[in-house]
Peer 1: 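One structure is given below, represented as structure tokens, and several questions about it will come after.
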Amino acid sequence: MKLLVSLLLCLCIPAVWAAESTTPKPDIGKGGQCVKDAQWMRLNHMHLLKHQRDETVRKGVREEQNSLKNCVECHASLSNNSVVAREDGFCVACHRYEAVKIDCFECHASKRRATLVTKDVK
Ligand code: HEC
Ligand code: HEC
Ligand code: HEC
């Protein structure tokens, strides 16, 4: 039963989003392959990030792959290198729509590493 419910949820959410005309269209960024499949990420990225943060901050375990930095490396927009600078910036597009406020980027870099070091990207 539980499985059926989650299966239905998985199938319905994208369908609802696809039907809405005002659906957010986050700028995915660079591309490549996400750390998990997109469907799983849509529903679970917050747990992944929180788990990773706790592991790092409390136990000192640093795993590159699921780090917030790694998300930014791929998901920063190709136009401005940022995940938050525009309305459709990857990490804000859905959140605005869902009214979820995240303050992660007050401390964590919202830009790709390359532009943090060199400012030659126009
Ligand atoms: C190697 C590049 C790469 C990395 C690293 C990466 N992603 Fe992704 N991610 C992608 C791509 C490409 C997609 C789109 C895949 C698709 O639509 O099939 C995606 C999809 C997603 C989605 C679903 C987006 C949507 O509109 O449905 C979420 C949420 C997400 N990623 C969050 C994250 C988070 C959080 C991290 C860090 C823990 C991360 N990603 C790391 C490349 C990456
Ligand atoms: C007050 C500053 C601050 C805020 C706000 C903050 N963090 Fe962190 N975060 C840190 C510090 C400091 C570390 C430890 C960095 C280290 O030791 O590598 C960390 C580590 C992490 C890590 C593991 C290391 C990495 O690079 O991924 C993740 C994941 C993470 N935070 C996610 C988040 C998320 C998600 C949010 C927003 C909900 C957030 N943080 C908000 C300061 C902050
Ligand atoms: C496909 C849409 C989408 C994308 C893209 C997305 N998020 Fe989310 N995120 C959500 C939704 C929806 C929730 C709220 C889930 C809930 O209500 O439990 C959420 C919740 C969160 C939370 C938990 C907030 C809280 O108060 O507990 C964090 C942290 C988070 N997202 C971080 C990120 C980061 C960082 C990125 C960019 C790497 C990102 N998200 C990209 C849709 C998205």
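For ligands, and for the atoms within them, numbers begin at 1 and follow the listed sequence.
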Peer 1: Under 4.0 Å from a heavy atom of Leu48: give me the atoms of ligand 1 that qualify, with their elements.
Peer 2: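 This gives 38 (C) as the contact atoms.
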Peer 1: Can you find a heavy atom in the side chain of Lys111 that is under 4.5 Å from one in the side chain of Val84?
Peer 2: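 No, every pair of side-chain atoms sits at 4.5 Å or beyond.
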Peer 1: At a non-hydrogen distance cut-off of under 4.0 Å, which region of Ile28 contacts ligand 1 (side chain, backbone, both, or neither)?
Peer 2: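 For Ile28, only side-chain atoms sit under 4.0 Å from ligand 1.
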Peer 1: Checking only N/O/S atoms, does Cys71 have one that is under 2.8 Å from atom 8 (Fe) of ligand 1?
Peer 2: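 Checking atom 8 (Fe) of ligand 1 against Cys71, no N, O or S atom falls under 2.8 Å.
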Peer 1: For Ala38, counting its heavy atoms only, list the atoms of ligand 1 lying under 4.0 Å from any of them.
Peer 2: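 Selected atoms, number and element: 15 (C), 16 (C), 17 (O), 18 (O), 23 (C).
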Peer 1: Only heavy atoms of Pro26, strictly under 4.0 Å: list the atoms of ligand 1 that pass.
Peer 2: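 Listed by number with element, the hits are 26 (O).
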Peer 1: Report the distance from atom CG of Leu68 to atom NE2 of His75, rounding to the nearest 0.5 Å.
Peer 2: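 Leu68 atom CG to His75 atom NE2 measures 11.0 Å (nearest 0.5 Å).
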Peer 1: We want to know whether Ser79 and Arg86 form a side-chain donor-acceptor pair, criterion being a heavy-atom distance below 3.5 angstrom.
Peer 2: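 Present: a donor and an acceptor within the cut-off.
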Peer 1: For atom 11 (C) of ligand 2, is some protein heavy-atom partner under 4.0 Å away?
Peer 2: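 False for atom 11 (C) of ligand 2.
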Peer 1: Indicate yes or no: at least one non-hydrogen side-chain atom of Ser77 is less than 4.5 angstrom from one of Phe90.
Peer 2: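 No, every pair of side-chain atoms sits at 4.5 Å or beyond.
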Peer 1: Side chain, backbone, both or neither: which part of Val83 comes within less than 4.0 Å of ligand 3 when only heavy atoms are counted?
Peer 2: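 Looking at Val83 and ligand 3, no heavy atom falls under 4.0 Å.
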Peer 1: Compare all side-chain heavy atoms of Val35 with those of Leu48 and state whether any distance is below 4.5 angstrom.
Peer 2: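 Val35 reaches Leu48 side chain to side chain.
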Peer 1: Hey, does Glu98 come in under 3.5 Å of ligand 3, counting only N/O atoms on both sides?
Peer 2: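 Glu98 vs ligand 3: no N/O contact under 3.5 Å.
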Peer 1: In this structure, are over 12 heavy atoms from other groups packed under 6.0 Å from Gln33 atom CD?
Peer 2: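 Incorrect, the count does not exceed 12.
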Peer 1: Between Phe90 and ligand 1, which part of the residue brings a heavy atom under 4.0 Å of the ligand: side chain, backbone, both or neither?
Peer 2: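 Under 4.0 Å from ligand 1, Phe90 contributes side-chain atoms alone.
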Peer 1: Looking at atom 22 (C) of ligand 2, is any protein heavy atom nearer than 4.0 Å to it?
Peer 2: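 So far as the 4.0 Å threshold goes, atom 22 (C) of ligand 2 is in reach of a protein heavy atom.
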Peer 1: Short list, please: which atoms of ligand 3 are under 4.0 Å from a heavy atom of Lys50?
Peer 2: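 Near Lys50, the atoms of ligand 3 are 25 (C), 27 (O).
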Peer 1: Any nitrogen or oxygen of Arg42 lying under 3.5 Å from a nitrogen or oxygen in ligand 3? Just yes or no.
Peer 2: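 In fact, backbone or side chain, Arg42 has no N or O that close.
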Peer 1: Taking backbone and side chain together, does Cys94 place any N/O/S atom at a distance below 2.8 Å from atom 8 (Fe) of ligand 3?
Peer 2: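 No, since none of the N, O or S atoms of Cys94 sits under 2.8 Å from atom 8 (Fe) of ligand 3.
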Peer 1: Do Lys30 and Arg112 make a side-chain contact, defined as non-hydrogen atoms from C-beta onward lying under 4.5 Å apart?
Peer 2: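 Yes - at least one pair of side-chain heavy atoms lies under 4.5 Å apart.
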Peer 1: With backbone taken as N, CA, C and O and side chain as the heavy atoms from C-beta onward, which portion of His75 lies under 4.0 Å from ligand 3: side chain, backbone, both, or neither?
Peer 2: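 Neither part.
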Peer 1: Yes or no: does Asp103 have any heavy atom under 4.0 Å from an atom of ligand 2?
Peer 2: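 Yes, Asp103 has heavy atoms under 4.0 Å from ligand 2.
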Peer 1: Who's closest to atom 32 (C) of ligand 2 heavy-atom-wise, of Gln65, Met46, Arg53?
Peer 2: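 Looking at heavy atoms only, the winner is Arg53.
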Peer 1: Is the closest N or O pair between Thr56 and ligand 2 shorter than 3.5 Å?
Peer 2: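 In fact, backbone or side chain, Thr56 has no N or O that close.
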Peer 1: Specify side chain, backbone, both or neither for Arg62, according to which of its non-hydrogen atoms lie closer than 4.0 Å to ligand 2.
Peer 2: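 The side chain, only.
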Peer 1: Mark up the atoms of ligand 2 that fall under 4.0 Å of a heavy atom belonging to Gln52, in ascending order.
Peer 2: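 The list of qualifying atoms is 23 (C), 29 (C).
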Peer 1: Nearest non-hydrogen contact with atom 4 (C) of ligand 1 belongs to which option: Cys74, Ala93, Ser67?
Peer 2: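 Nearest option to atom 4 (C) of ligand 1, by heavy atoms: Cys74.
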Peer 1: Is Lys25 paired with Asp88 through a side-chain N to carboxylate O contact shorter than 4.0 Å?
Peer 2: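 Between Lys25 and Asp88 there is no salt bridge, as every charged N stays at least 4.0 Å from the carboxylate O atoms.
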Peer 1: Where does Leu49 meet ligand 3, judged by heavy-atom distances below 4.0 Å: at the side chain, the backbone, both, or neither?
Peer 2: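 The side chain, only.
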Peer 1: Count the heavy atoms belonging to other residues, nucleotides or ligands that lie under 6.0 Å from CD of Glu55, then report whether that count exceeds 12.
Peer 2: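 Counting neighbours around CD of Glu55, more than 12 heavy atoms of other residues, nucleotides or ligands fall under 6.0 Å, so yes.
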Peer 1: Just by modelled atom types, is the His47 backbone N or O under 3.5 Å from a matching donor or acceptor in the His51 side chain?
Peer 2: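 Checked: no pair found.
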Peer 1: Any heavy atom of Leu68 closer to ligand 3 than 4.0 angstrom?
Peer 2: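 So Leu68 counts as touching ligand 3.
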Peer 1: Can you tell me if an N/O/S atom from Cys91 lies under 2.8 Å from atom 8 (Fe) of ligand 3?
Peer 2: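 It does not; every qualifying atom lies at 2.8 Å or beyond.
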Peer 1: So, is Asn66 polar-close to ligand 1, with some N/O to N/O distance under 3.5 Å?
Peer 2: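 No, no N or O pair falls under 3.5 Å.
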Peer 1: Looking only at non-hydrogen atoms, which of Lys69, Glu106, His108 approaches atom 31 (N) of ligand 2 most closely?
Peer 2: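 Of the listed residues, His108 has the closest heavy atom.
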